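Step one of this worksheet: look at the structure below.
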Number of protein chains: 2
Amino acid sequence: MSISTELSSPHNHTNCIATALNTATQLCFERGVQLTAIRQQVLELIWENHHAVKAYDLLERIKPLQSAAKPATIYRALDFLIAQGFIHRVESLNAFIGCCNLKTAHEQLLLICKQCNDVEERPANAVMQSLAQEFQNAGFTVHHQAIEIQGICATCSQLNKDEEIA
Amino acid sequence: MSISTELSSPHNHTNCIATALNTATQLCFERGVQLTAIRQQVLELIWENHHAVKAYDLLERIKPLQSAAKPATIYRALDFLIAQGFIHRVESLNAFIGCCNLKTAHEQLLLICKQCNDVEERPANAVMQSLAQEFQNAGFTVHHQAIEIQGICATCSQLNKDEEIA
DNA sequence: TTTCAGTTTGTTACAACATAACATATCAAT
DNA sequence: ATTGATATGTTATGTTGTAACAAACTGAAA
């Protein structure tokens, strides 16, 4: 595992992982639910970077640790992690990412870079407010929202410009 | 085919279908692309109501008309219809709906009712504007956006209230 | 009218994603 | 020790989607 150069904003990813795992551990304790070995391993695998991860990739990567792992093993762990809010499902990719904002926990905007595969979560408060207004106008009661934007992130855009010049 | 009572706003659905097919026919002519029999039949099947339709359901329903139909038959037609903007893929359902706003053609908000399965498209201009601002803030270049909200529509909410009282 | 290129469809096979159903194991509380 | 709740093992299957190549169609140029 390396500190990727692909990340949309360069950062010490070790911190991301540590924070995510510590927070998950604490929240599980508070909620009286179990962060079992399998669940924690899946969470760690998801957090290896900021890419969206496929379920069957997780399955391959967990096999060295859990030789008995089958699809259900992964999907059950994913279900748990989603229910606890530790990860998000990216609907448009059939994939999963770690949640960067465990504490604030509001629904977020996902910016998915097709070039580097990073997914950035953004609270996007202004968007969420106008959405709330729209729901009220429509008389619509929200259970779940997925706001997924595909395109090219700022970092990749800049890289592409640099390459054009060079 | 009946004029459904489930629609989020009661309407003469025959008009929806006619408008969609006429507009599609005209746009294909203008663009020099072919609205073949298969493609038109798939479009008609999708437009039978305002529900999101699954690819394999379309496959079953087109077989009386196209006995040779296979998955690829449907997915090719769907790819074409999406490329022309006549239908949308609903990412969070792995399903497809007819586009209600062929002319204006901007990306829209999808309100997906889990009770009646209707999907309502809304231009939601205020939301789109704050989204655009967010993309600018992030330096993100958008290629495709999916804004999919699951919940209970106004009609079903009202029905549920009425049932509680009765 | 032939021929040629581009497009569409037929066909087979398979890849990728996800769940059902039932058995087994673990573990804390009674 | 028994029980109930939770978690995992295991097998099978269901669902969604694509690759690859062959055949047919279409329209325009030679």
Side-chain angles (χ1 to χ4, degrees), chain A residues 24-25 27-43 45-46 51-84 86-97 117 144 146 148, chain B residues 24-25 28-29 31-43 45-46 51-84 86-97 117 144 146 148:
Chain A
T25 304
L27 288 174
C28 282
F29 177 76
E30 288 173 18
R31 295 169 184 173
V33 296
Q34 303 173 48
L35 189 63
T36 63
I38 291 177
R39 290 166 177 174
Q40 178 165 344
Q41 285 158 6
V42 170
L43 186 57
L45 288 172
I46 289 175
H51 300 187
V53 191
K54 299 268 182 179
Y56 276 70
D57 287 345
L58 291 170
L59 178 56
E60 289 313 305
R61 288 159 60 198
I62 209 175
K63 275 184 178 166
L65 303 169
Q66 300 286 339
S67 56
K70 299 277 185 314
T73 314
I74 298 297
Y75 282 106
R76 283 168 180 158
L78 291 171
D79 286 347
F80 172 85
L81 296 171
I82 290 169
Q84 298 300 322
F86 301 159
I87 66 172
H88 298 295
R89 184 182 153 81
V90 186
E91 303 289 353
S92 55
L93 299 178
N94 293 337
F96 305 84
I97 56 168
N117 296 314
H144 178 70
E148 303 182 359
Chain B
T25 304
C28 282
F29 177 76
R31 296 169 184 174
V33 296
Q34 304 173 46
L35 189 61
T36 62
I38 291 178
R39 290 166 176 174
Q40 179 165 344
Q41 285 158 6
V42 169
L43 186 57
L45 288 173
I46 288 175
H51 300 186
V53 192
K54 299 265 180 180
Y56 277 71
D57 288 344
L58 290 169
L59 178 56
E60 289 313 305
R61 288 158 62 198
I62 209 176
K63 275 187 177 164
L65 303 169
Q66 301 285 341
S67 55
K70 301 274 185 316
T73 314
I74 296 297
Y75 281 104
R76 284 166 179 160
L78 291 171
D79 286 346
F80 172 85
L81 296 171
I82 289 170
Q84 298 301 321
F86 301 159
I87 65 172
H88 297 296
R89 183 183 154 81
V90 185
E91 304 289 354
S92 55
L93 299 177
N94 293 337
F96 305 86
I97 57 167
N117 296 316
H144 177 70
E148 303 182 1

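We name chains A, B, ... by the order of the sequence lines, and we start the count at 1 in each one. In this text, all values refer to a predicted model and were calculated from it rather than measured experimentally.
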How long is the line joining [atom1] of [X] and [atom2] of [N], in whole Å?
X	N	atom1	atom2	result
B/Arg76	D/dT16	CZ	C1'	16 Å
B/Ile74	D/dG17	CD1	C1'	13 Å
A/Lys63	D/dT10	NZ	P	12 Å
B/Lys70	D/dA23	NZ	P	16 Å
B/Tyr75	D/dT15	OH	C1'	8 Å
B/Ile38	D/dC25	CD1	C1'	12 Å
A/Leu78	D/dT8	CG	P	12 Å
B/Glu60	D/dG14	CD	C1'	14 Å

key: Upstream residue (5' side of DNA chain D) when A/Arg39 and B/Arg89 are each assigned their closest nucleotide   =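 That would be A/Arg39.
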query = What heavy-atom pair brings A/Arg89 and A/Asn94 nearest, and what distance separates the two atoms?
reply =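 Looking at all heavy atoms of both residues, the closest pair is NH2-OD1, 3.0 Å.
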key: 5'-most by nearest nucleotide on DNA chain C - A/Leu93 or B/Ala77   =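 In this pair, the answer is B/Ala77.
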message = Return whichever of B/Ala72 or B/Asn94 has its heavy-atom-nearest nucleotide of DNA chain C closer to the 5' end.
response =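 Result: B/Ala72.
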Side-chain touch [X]/[Y], heavy atoms, less than 4.5 angstrom:
X	Y	result
A/Leu35	A/Gln84	no
B/Ile46	B/Leu78	yes
A/Phe96	A/Leu81	no
A/Glu91	A/His144	yes

request  = Look at the side chain of B/Tyr56 and the base of D/dG17, then say whether one donor and one acceptor between them are separated by less than 3.5 Å.
outcome  = yes
message = For the backbone of A/Gln34 and the side chain of A/Arg39, can you confirm whether one donor and one acceptor N or O come within less than 3.5 Å of each other?
response = yes
ask   = First contact, last contact: which nucleotides of DNA chain C are these for chain B, 5' to 3', heavy-atom distance under 4.0 Å?
value =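 Going 5' to 3' along DNA chain C, contacts run C/dT7 to C/dT12.
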Side-chain N,O (A/Gln34) to OP1/OP2 (D/dT6) below 4.0 Å =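 It does not, given that no N or O in the side chain of A/Gln34 lies less than 4.0 Å from OP1 or OP2 of D/dT6.
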query = When you check the phosphate oxygens OP1 and OP2 of D/dT16, does a side-chain N or O of B/Lys54 lie under 4.0 Å from one of them?
reply =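 Looking at the OP1 and OP2 atoms of D/dT16, one of them is under 4.0 Å from a side-chain N or O of B/Lys54.
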request  = Any salt bridge (charged side-chain N to carboxylate O under 4.0 Å, His left out) involving residues 65-80 of chain A? Give me the pairs, sequence neighbours left out, ordered by first then second residue.
outcome  = none
note = From the candidates D/dT8, D/dT16, D/dT10, the one with an atom nearest any side-chain atom of A/Ala68 is D/dT10
